[in-house]
Amino acid sequence: MLELSYIRRSPKEVVDRLAVKNFDAKSIVDEILAMDEKRRSTQTSLDAILAQLNKASKEIGELYKSGKRAEADELKANTGKWKLDISVLEEEMRTTETELQSKAVLLPNTPHSSVPKGKTPEDNEVVHTEGAIPELGENALPHWELAKKYDLIDFETGVKITGAGFPIYKGKGARLQRALINFFLDKAYEAGYMEIEPPILVNEDSGFGTGQLPDKEGQMYFVTEDKLYLIPTAEVPITNIYRDMVLDAATLPVKNCGYTPCFRREAGSYGKDVRGLNRLHQFDKVEIVQIRLPEESYKTLEEMRDYVAGLLRSLHLPFRILKLCGGDMSFASALTYDMEVFSGAQKRWLEVSSVSNFETFQSNRMKLRFKKDKDKPALAHTLNGSALALPRIVASMLENNQDDKGIRIPDVLVPYTKFEYIS
RNA sequence: GGAGAGGUGCCUGAGUGGCCGAAAGGAGCAGUUUGCUAAACUGUCGUACGCCCAAAAGUGUACCGGGGGUUCGAAUCCCCCCCUCUCCGCCA
């Protein structure tokens, strides 16, 4: 959620910036300004009457104490009318605030000034490409064929016990998953992130805090009995740890990482996008999260991007980094880098990570603040990134590293898998 | 799931209708003293929104788990909800 003070101070800038996200904010911003105006004038009137009532109450108390009943009763006679006015103004206050809030949450985060204009993924800016595109022979198999051939992943049985998009990893397939998770967590630890094992069900407040609710309600699995959501990413619980907190600036930065399964309903997806491991309802991911002082968040974003690039490099996967255009960015993000690996047999780029700076968009929703010395508490900046999401890493690894006899495991993973080759 | 107890400021904890934004202690911060460590003493020590203002200061309102109610007046009384703890039951 954008800060109201920002909208009030620079309404035109908000509208102009949101245009980069192809979002026409003009009418909403105007409504917000009008309601904000109304809210303040209502509060001024309300506070005045409340002050009057408080003063009278105090006097009544004192009059009673000194036995002046008649005078007290006289004062009391006025309060009825005031209380009527109060209830009217309070109601007005409530509805205005509710409307203001409901409008404010409709506005996406304003993109950073460097975000390229654009509507579709085609308009994303490729900022870096690295690694050789593998030359696979005619016989190269897509990963879902390889997974079947070497008995690594069983999609059909997953359908039987749950449904499409819930694969079963078996044998070396399962061990490869575990190896990747441990590898990613160890690397994050080396980079100074503290490991968190969070709940994978979260409440509504948490969903709101990081921006999944109310915007992406339909994306999450919901447990109606307990009103809990299955997390679509570890970002939700790990960031919400700090909801409603004022952190001492000295404790920043917060650098957390965590592995969790992630659950996404992905309603409406179809075709080649959902083939094999390309898009799943449940998948494994290691996430990195940082909470930073505002002045350092963009430097941090670059660091996180480079950190993820280093992971891909160490796995010898050809990858590219995209700076997302306004139209392809998420609702909550101010600047996002996507990392894509090349999947040799499918001959396409697959997104494996998304690294974003949310500035104060999430912290404003969460009331996540920091306090520096005697300064007033201020909203912190939050950032996060996948480091990494497993399925598409596995997909490209299987495809790119295949030969006639099997699949080679990257060196860095061998200490984790305890095998070098799948055959 | 059943029974009971409880949720107060950074922490401990007092407060059962007005003198309570809230005692006291601790932590923190600033200062005084002491040769260092430490101690002692003094002061300071919430947040949000509004008004005023260049700003600071000032000032009004709200907040004692959340929501509603009674009352001129609620941390305190009543109702609903949430959460924590203890015991019992169940269970990895």
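Order of the sequence lines sets the chain letters (A, B, ...), proteins ahead of strands, with each chain counted from 1. Predicted model, so just to flag it, every value in this text is computed and none were measured.
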Review point. Taking the same atom, C1', in B/G28 and in B/G9, what whole-Å distance lies between them?
Key: 14 Å
Check your understanding: Does any nucleotide pair with B/U71 by Watson-Crick or G-U wobble geometry, both distances under 3.5 Å, and what is it?
Key -> none
Practice item. State plainly whether the residues A/K371 and A/D248 are in salt-bridge range, i.e. N to O under 4.0 Å. Key: no
Review point. For the side chain of A/S57, counting heavy atoms from C-beta on, which of B/C72, B/C51, B/U61 is nearest?
Key: B/C72
Exercise for review: Please report, rounded to the nearest Å, how far the P atom of B/G73 is from the OH atom of A/Y64.
Suggested key: 11 Å
Practice item. Assign each of A/K76 and A/K65 to its nearest nucleotide of RNA chain B by heavy atoms, then name whichever residue's nucleotide is nearer the 5' end. Key: A/K65
Point to revise | Atom C1', compared across B/U70 and B/C79: separation rounded to whole Å | key: 11 Å
Review point. What nucleic acid atoms does A/L53 come within less than 4.0 Å of, heavy atoms only: base, sugar-phosphate, or nothing?
Key: sugar-phosphate
Point to revise | Under 3.5 Å on both distances, the Watson-Crick or G-U partner of B/C91 | key: none
Point to revise | C1' atoms of B/A55 and B/G7, separation to the nearest Å | key: 41 Å
Review point. In terms of the nearest nucleotide of RNA chain B, which residue is placed more toward the 5' end: A/R94 or A/I60?
Key: A/R94
Point to revise | Atom pair distance, as rounded to whole Å: NZ in A/K55 and P in B/U61 | key: 11 Å
Check your understanding: So, is A/N54 close to the B/U61 phosphate, meaning a side-chain N or O under 4.0 Å from OP1 or OP2?
Key -> yes
Point to revise | Test: A/K103 and A/E99 ion pair at under 4.0 Å | key: no
Review point. Roughly, in whole Å, what's the span from CD in A/E97 to P in B/C63?
Key: 14 Å
Review point. Checking all strands, does A/N78 fall into the base, sugar-phosphate, or nothing category for heavy-atom contacts under 4.0 angstrom?
Key: nothing
**Study point:** Whole-Å gap separating P (B/G73) and CD1 (A/I86)
**Key:** 8 Å
Check your understanding: Rounding to a whole Å, what distance do you find between A/K367:NZ and B/A48:P?
Key -> 10 Å
**Study point:** B/C36 - base-pair partner by Watson-Crick or wobble geometry, distances under 3.5 Å
**Key:** none
Point to revise | A/D375 CG - B/C45 C1' separation (whole Å) | key: 16 Å
Check your understanding: For B/G21, which nucleotide in any strand shown is its Watson-Crick or wobble partner with both distances under 3.5 Å?
Key -> none
Review point. NZ of A/K58 versus C1' of B/G73: gap in Å, rounded?
Key: 11 Å
Review point. Do A/K299 and A/E303 sit within salt-bridge range, that is, some charged N less than 4.0 Å from a carboxylate O?
Key: yes
Revision key, fill the gap. To the nearest angstrom, the CG-P distance between A/L50 and B/G21 comes to 15 Å
Practice item. For B/U71 versus B/C77, give the span between their C1' atoms, rounded off to a whole number of Å. Key: 10 Å
Revision key, fill the gap. Using Watson-Crick geometry (N1-N3 plus N6-O4 or O6-N4) or G-U wobble (N1-O2, O6-N3), each under 3.5 Å, B/A5 is paired with B/U84
Practice item. Counting heavy atoms from C-beta on, name the nucleotide in B/A62, B/G50, B/G18 closest to the side chain of A/Q43. Key: B/G50
**Study point:** Among B/U61, B/C72, B/G50, the one nearest A/R39 by side-chain distance
**Key:** B/G50
Check your understanding: If you look at every strand shown and take non-hydrogen atoms under 4.0 Å, does A/R8 touch a base, only sugar-phosphate, or nothing?
Key -> sugar-phosphate
Point to revise | Nearest-Å distance once atom C1' is located in both B/G58 and B/C19 | key: 24 Å
Exercise for review: Assess A/K172 against A/F419: is NZ or CZ under 6.0 Å from the centre of the six-membered ring, and within 45 degrees of the ring's axis?
Suggested key: yes
Review point. In Watson-Crick or G-U wobble terms, both distances under 3.5 Å, what is the partner of B/A57?
Key: none
Exercise for review: Would you mind classifying the nucleic acid contact of A/A56 as base, sugar-phosphate or nothing, using non-hydrogen atoms under 4.0 angstrom?
Suggested key: nothing
**Study point:** Within 45° cone and under 6.0 Å: A/K255 NZ/CZ vs A/Y193 ring
**Key:** yes
**Study point:** Aromatic ring pairing A/Y298/A/H112, orientation class (parallel under 30°, perpendicular over 60°, tilted between)
**Key:** tilted
Practice item. Using the C1' atoms only, state how far B/C63 lies from B/G26, rounded to an integer number of Å. Key: 24 Å
Check your understanding: Is the charged tip of A/R365 near the ring of A/F208: under 6.0 Å from the six-membered ring centre and within 45° of its axis?
Key -> yes
Revision key, fill the gap. pair_partner(B/C64), Watson-Crick or wobble, both distances < 3.5 Å, evaluates to none
Exercise for review: Nearest 0.5 Å please: distance from the OG atom of A/S356 over to the CG atom of A/L301.
Suggested key: 7.5 Å
**Study point:** Spacing of the P atoms in B/A75 and B/A39 (rounded, Å)
**Key:** 38 Å
**Study point:** Interatomic distance at P, B/G43 relative to B/A38, whole Å
**Key:** 23 Å
Exercise for review: Tell me the partner of B/G43, counting only Watson-Crick (N1-N3 plus N6-O4 or O6-N4) or G-U wobble (N1-O2 and O6-N3) with both under 3.5 Å; none if nothing fits.
Suggested key: B/C29
Check your understanding: B/G50, B/U47, B/U71: which one has an atom nearest the side-chain heavy atoms of A/R369?
Key -> B/U47
Check your understanding: Given B/C72, B/A48, B/A62, which nucleotide is nearest the side-chain atoms of A/K376?
Key -> B/A48
